[in-house]
Amino acid sequence: MPSLPHDPLPEHANVIVDRVVTGVSTGLKPMITSGFLGGGLLAIVVTVIADDGSALEVWHGHIADLPEADWPEDSYGIARAKTALTLRTGLTAEQVHKSHPGLLLPGDVEWWGNTQLQIGGRRVIVSASGLDEIWDQRICEAIADLLVIALAS
């Protein structure tokens, strides 16, 4: 994992982020790779925003039986584009698409499926891509909720 600029998370947070997202990914793998959730792969990206506004991706991983070169689309790129939309607007991709479509610019991602939260006084964005938007969204929300619980203890 990369080191974080300006100490944006509590010292132990990197380990907790890795454990939470890896645990969720492991638990969901059978449902994702079987196509039960509407797709056969999922890419997840966790990004922390430092005091100076810079974004640092602190975790990324995927659940898929296919090698990344065989994916039908760039799910990491789409997840990162959802993060970029949230960084630019301050809203989740779902909020932009459903309530503020006037904020969309040419080239912005067409889909939603991310969430944001505060950890240790820092903004954290969790984005996913590869499943139907609703599943991308719900998985991000579950990861965010578990991060809040894990970091509170």
Side-chain angles (χ1 to χ4, degrees), residues 1-5 8-9 13-50 53-101 103-117 119 122-151:
M1 254 182 280
S3 61
L4 301 173
L9 290 179
N14 278 349
V15 173
I16 291 174
V17 168
D18 181 58
R19 288 181 182 164
V20 166
V21 184
T22 300
V24 170
S25 299
T26 301
L28 289 173
K29 185 174 182 174
M31 291 192 311
I32 290 170
T33 57
S34 70
F36 179 75
L37 296 179
L41 67 97
L42 180 69
I44 302 169
V45 175
V46 179
T47 305
V48 176
I49 315 310
S54 62
L56 179 70
E57 189 173 295
V58 296
W59 196 96
H60 71 269
H62 65 272
I63 305 164
D65 283 339
L66 294 172
E68 192 173 342
D70 295 336
W71 292 2
E73 57 193 17
D74 178 10
S75 293
Y76 278 128
I78 294 168
R80 289 179 178 119
K82 293 174 184 181
T83 297
L85 180 62
T86 295
L87 278 170
R88 183 172 57 78
T89 64
L91 303 170
T92 66
E94 179 183 26
Q95 290 169 322
V96 172
H97 282 275
K98 290 184 174 181
S99 301
H100 304 281
L103 295 175
L104 291 166
L105 299 175
D108 277 342
V109 67
E110 300 175 36
W111 306 280
W112 46 273
N114 71 347
T115 194
Q116 56 186 332
L117 64 149
I119 297 177
R122 300 293 191 258
R123 188 168 155 215
V124 177
I125 301 168
V126 181
S127 300
S129 182
L131 301 175
D132 293 335
E133 291 168 311
I134 190 71
W135 290 115
D136 289 349
Q137 181 76 24
R138 297 301 172 247
I139 290 167
C140 290
E141 290 168 353
I143 290 169
D145 289 345
L146 290 169
L147 286 172
V148 169
I149 292 166
L151 288 164

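Because the structure is predicted, anything quoted here is derived from the model rather than measured.
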For this session: Would you check, one step at a time, whether the test side-chain contact (heavy atoms from CB on, under 4.5 Å) holds for L104 with L85?
Result: CA-CA 8 Å; L104 291 166; L85 180 62; 4.1 Å; yes

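- The shortest heavy-atom contact between E73 and G130 is OE2-CA, 4.5 Å.
- Of all non-hydrogen atoms in H97 and W111, the two that sit nearest each other are NE2-O, 3.6 Å.
- Put simply, the side chain of D136 gets close to the backbone of L131: a donor and an acceptor are under 3.5 Å apart.
- With sequence neighbours left out, the side chain to side chain contact (heavy atoms under 4.5 Å, CB included) criterion links A144 to T115, L117.
- In terms of heavy atoms, E57 sits closest to V45 at OE1-CG1, 3.3 Å.
- Just one residue in the list L146, V148, V15, I149 forms a side chain to side chain contact (heavy atoms under 4.5 Å, CB included) with V20, and that residue is L146.
- Contact between A81 and V109 at its shortest, heavy atoms only, is CB-CB, 3.8 Å.
- Summarising the geometry, atom CG belonging to L42 is positioned 5.0 Å from atom CD1 belonging to I139; distances are rounded to the nearest 0.5 Å.
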Problem set entry | L41/W71 under side-chain contact (heavy atoms from CB on, under 4.5 Å): CA gap, chis, key distance, verdict | CA-CA 8 Å; L41 67 97; W71 292 2; 3.8 Å; yes

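- Side-chain atoms of S54 do not come within 3.5 Å of backbone N or O of A50 as any donor-acceptor pair.
- Annotation for G113 and A93: closest pair N-CB, 4.3 Å, computed over non-hydrogen atoms.
- Remark: the backbone N or O of R19 is not paired with any side-chain donor or acceptor of T22 at under 3.5 angstrom.
- In this structure, E133 contributes its side chain and W112 its backbone to a donor-acceptor pair below 3.5 Å.
- Between I119 atom CD1 and L151 atom CG the span is 5.0 Å, to the nearest 0.5 Å.
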Would you give me the side-chain donor-acceptor pairs under 3.5 Å for residues 63-70, sequence neighbours excluded?
none

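- To the nearest 0.5 Å, the span separating NZ on K82 from OG on S129 amounts to 4.0 Å.
- Across all non-hydrogen atoms, the minimal contact from L87 to R123 is CA-NH2, 3.7 Å.
- Annotation: the span from N114 atom CG to I125 atom CD1 amounts to 7.0 Å, rounded to 0.5 Å.
- No donor-acceptor pair under 3.5 Å is formed between the side chain of Q116 and the backbone N or O of V124.
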For this session: For W59 and D18, run side-chain contact (heavy atoms from CB on, under 4.5 Å): C-alpha distance rounded to whole Å, both residues' side-chain angles, the deciding distance at 0.1 Å, then the answer.
Result: CA-CA 7 Å; W59 196 96; D18 181 58; 2.9 Å; yes

Exercise. Going through the distances and angles, do V96 and R88 end up as a side-chain contact (heavy atoms from CB on, under 4.5 Å)?
Worked result: CA-CA 11 Å; V96 172; R88 183 172 57 78; over 6 Å; no

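- T47 contributes atom OG1, which lies 8.0 Å from atom CZ of R80 (distance to the nearest 0.5 angstrom).
- To the nearest 0.5 Å, atoms NE2 (H100) and CG (L91) are separated by 5.0 Å.
- Here the side chains of S127 and T86 are not in contact, with every heavy-atom distance at 4.5 Å or above.
- Residues meeting the side chain to side chain contact (heavy atoms under 4.5 Å, CB included) test with S99, sequence neighbours left out: none.
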